[in-house]
J.: 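Following this message is one structure expressed as structure tokens.
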Amino acid sequence: MGSHELIHGSQTSQTQDQIIGLDSSPRPSKSVKSFRNPVQYVLRSQRLIFLFIGIAISSLIFSKLPVRQHQIANPAPLTTSETTHLSRRRVLYEAAEVQHVNAGGKVPLGLQRKSLRILVTGGAGFVGSHLVDRLMDRGDSVIVVDNYFTGKKDNLIHHFGNPRFELIRHDVVEPILLETNVVGTLNMLGLAKRVGARFLLTSTSEVYGDPLQHPQAETYWGNVNPIGVRSCYDEGKRTAETLTMDYHRGLGIEARIARIFNTYGPRMCIDDGRVVSNFVAQALRKEPLTVYGDGKQTRSFQFVSDLVEGLIRLMEGDHVGPFNLGNPGEFTMLELAEVVQEIIDRNARIEFRPNTEDDPHKRKPDITKAKQLLGWEPRVTLRKGLPLMVADFRHRIFGDQKEAGGGGGGGDATSSSMYSAN
């Protein structure tokens, strides 16, 4: 038994020796492992210390760096893809520079006015082309959309080649293909909603119809025959105003509404049927001046540059409107004919014809609201502005007979959206 125990003890001892021999290599300590893999050690055991050290180093570096002011010099024109990322207040207006501008359009002293990107529908017509000239002169980028129904490409030819100008032939009522204030306005309101643009509707004094209030203020609702021969235009404009205000109130569209009274000036269509262009063209051609009715009906005539100034102030101001934009100077048709005789031909004969249906008896704007809120009033008198129009008509009638077609719809017949004058 003793030998058995000795053998067993020997075996046990040998087994333990073998186990000891197999595990005889010393185990590395935790500090050695950490030394061999410092990244894992820091990330696992010293994360907070490492974070605080990083923050301290970063703060020290940034506190020592000089502050650099961002400056923009001669910014490159915006591409179509870039302009889609601009803010909602792009106003058809897409900023070409990042600078402060207040909503009233007044730029503080010492700050350069920001360049804008503006769409003008009907920009090849009478009023539209003058508006484009003004916008281009002040450094804006302008896109003109016109179907040339009453406008002419020649009215804008002096801007061709300018990188800030683009002309697109297109009818805003597509694909319906008919002339209407309502459809065109609705399409442009939809565009303004999609791109977040400010929308300007150029309405007309015709919304007052044959007024029972004189002069006409913006609070007057008008006296319009809804089934008369003029009702399509009158009610179309009234509906356009309704749509504009609905988009403004219901969808938050930034909207502006101008009610334009009779306007005259260079580039009017020579044979558009309006009284000023009729009288001027007839006097130059040695034709009788046609006066409809007894000639005692009154109108107010503003020069196109005054209108453009009013539109710009309205678009850049903070007030929706509507605003009357017209010259309060009131003339009967006979008085207008006499002024034309004085300027062109004192021997021009006046011919009376039956009056047209629903012809308003009086038309004179109350511009108190525009004076107070826009700081605007017309400056060009009829006797000062009419000779400029006569010179333009004389050149187009006698200088080049091919261009006797004229230059676009004029006066208060302009219809507008997002700076539009078609």
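Only heavy atoms go into these numbers, but all of them, side chains included; no hydrogens, no water, no symmetry mates.
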J.: For the side chain of E330 and the backbone of K364, is there at least one donor-acceptor N/O pair under 3.5 Å apart?
T.: no

J.: K384 side chain to R379 main-chain N or O, any donor-acceptor pair under 3.5 Å?
T.: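 The answer is no, because no donor-acceptor pair under 3.5 Å joins these two groups.
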
J.: Would you say that F165 contacts L156 through its side chain, given a criterion of any heavy-atom pair below 4.5 Å between the two side chains?
T.: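 When only atoms from C-beta onward are counted, L156 and F165 do touch, with a gap below 4.5 Å.
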
J.: For the NZ atom of K369 and the CG atom of D366, what is their distance to the nearest 0.5 Å?
T.: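 Interatomic distance, K369 NZ to D366 CG, rounded to 0.5 Å: 10.5 Å.
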
J.: Can you find a heavy atom in the side chain of F279 that is under 4.5 Å from one in the side chain of V339?
T.: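 The answer is no; the side chains never approach within 4.5 Å.
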
J.: Pairing donors with acceptors under 3.5 angstrom, does anything connect the side chains of R267 and S129?
T.: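 There is such a pair (donor and acceptor under 3.5 Å, judged by atom type) between the side chains of R267 and S129.
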
J.: Please check this pair: side chain of T242 against backbone of R238, looking for a donor-acceptor N/O pair closer than 3.5 Å.
T.: yes

J.: Considering only NZ, NE, NH1 and NH2 on the basic side and carboxylate oxygens on the acidic side, decide whether R383 and E342 come within less than 4.0 Å.
T.: yes

J.: Any donor and acceptor pair, going by atom type alone, linking the side chain of Q302 with main-chain N or O of L325 inside 3.5 Å?
T.: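 Yes: the side chain of Q302 pairs with the backbone of L325.
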
J.: Can you give me the closest heavy-atom contact between A124 and Y148, atom names plus distance?
T.: CB-CE2, 4.0 Å

J.: Do V142 and E166 come close enough that some side-chain heavy atom pair is under 4.5 Å?
T.: no

J.: Please determine, by modelled atom types, if H158 and D133 share a side-chain donor-acceptor pair under 3.5 angstrom.
T.: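 Yes, because at least one side-chain N or O of H158 sits under 3.5 Å from a partner of the opposite role on D133.
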
J.: Decide if atom NZ of K153 counts as having more than 12 heavy atoms of other residues, nucleotides or ligands within a radius under 6.0 Å.
T.: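 No - once you tally the heavy atoms of other residues, nucleotides and ligands closer than 6.0 Å, there are 12 at most.
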
J.: Using a strict threshold of under 4.0 Å (side-chain N to carboxylate O), is an ion pair present between E309 and R313?
T.: yes

J.: Testing R285, K286, R394 for salt bridge (charged side-chain N to carboxylate O under 4.0 Å, His left out) with D345, which one passes?
T.: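 Exactly one pass, corresponding to K286.
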
J.: Give me the atom names and distance for the closest heavy-atom approach of A283 to V340.
T.: CB-CG1, 3.8 Å

J.: CZ of R346 to CD of E338: how many Å apart, nearest 0.5 Å?
T.: 10.5 Å

J.: Looking at every non-hydrogen atom in both residues, tell me the closest pair between Y264 and T381 and how far apart they are.
T.: OH-O, 3.3 Å

J.: Looking only at heavy atoms, what is the nearest atom pair of L311 and A258, with distance?
T.: CD2-CB, 3.8 Å

J.: Is the shortest distance from a Lys or Arg side-chain nitrogen in E241 or R259 to a carboxylate oxygen in the other one below 4.0 Å?
T.: yes

J.: Quick one: pull up CZ in R230 and CD in E235 and give me the separation to the nearest 0.5 Å.
T.: 12.5 Å

J.: Has W376 got a side-chain atom pairing as donor or acceptor with L314's backbone, closer than 3.5 angstrom?
T.: no

J.: Between R198 and G317, which heavy-atom pair has the shortest distance, and what is it?
T.: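 In this case the closest contact between R198 and G317 is NH1-O, 3.4 Å.
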
J.: Checking the side chain of H361 only, and the main-chain atoms of P211 only, is there a donor and an acceptor separated by less than 3.5 Å?
T.: no

J.: How many angstroms lie between CG in N187 and OG1 in T121, if you round to the nearest 0.5 Å?
T.: 10.5 Å

J.: Can you measure from CG (L336) to CG (L382) and round to the nearest 0.5 angstrom?
T.: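 It is 6.0 Å, given to the nearest 0.5 Å.
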
J.: Does either side chain, that of T332 or that of Q297, offer a donor lying less than 3.5 Å from an acceptor on the other one?
T.: no

J.: Do N324 side-chain atoms and P365 backbone N/O form a donor-acceptor pair below 3.5 Å?
T.: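 Absent.
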
J.: Between the side chain of N262 and the main-chain N/O of R299, is any donor-acceptor distance below 3.5 Å?
T.: no

J.: Measuring from T204:OG1 to F261:CZ, what's the distance to the nearest 0.5 Å?
T.: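 So the gap between those two atoms works out to 8.0 Å.
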
J.: Please tell me if the side chains of F303 and N327 come closer than 4.5 Å, counting only heavy atoms from C-beta onward.
T.: no

J.: Any chance the side chains of D358 and N225 put a donor and an acceptor closer than 3.5 Å?
T.: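 A donor-acceptor contact under 3.5 Å links the two side chains.
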
J.: Just by modelled atom types, is the G209 backbone N or O under 3.5 Å from a matching donor or acceptor in the N223 side chain?
T.: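 Not at all, since once roles are kept as given, no pair shorter than 3.5 Å links the two residues.
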
J.: Side-chain donor-acceptor pair under 3.5 Å between R363 and Y208, yes or no?
T.: no

J.: Using the rule side-chain contact (heavy atoms from CB on, under 4.5 Å), only one of I143, L119, D146 pairs with I168; which is it?
T.: I143

J.: Is there a side-chain contact between D210 and V224 (heavy atoms, below 4.5 Å)?
T.: no

J.: Kindly give the heavy-atom pair with the smallest separation between T185 and T244, and that separation in Å.
T.: CG2-OG1, 4.1 Å

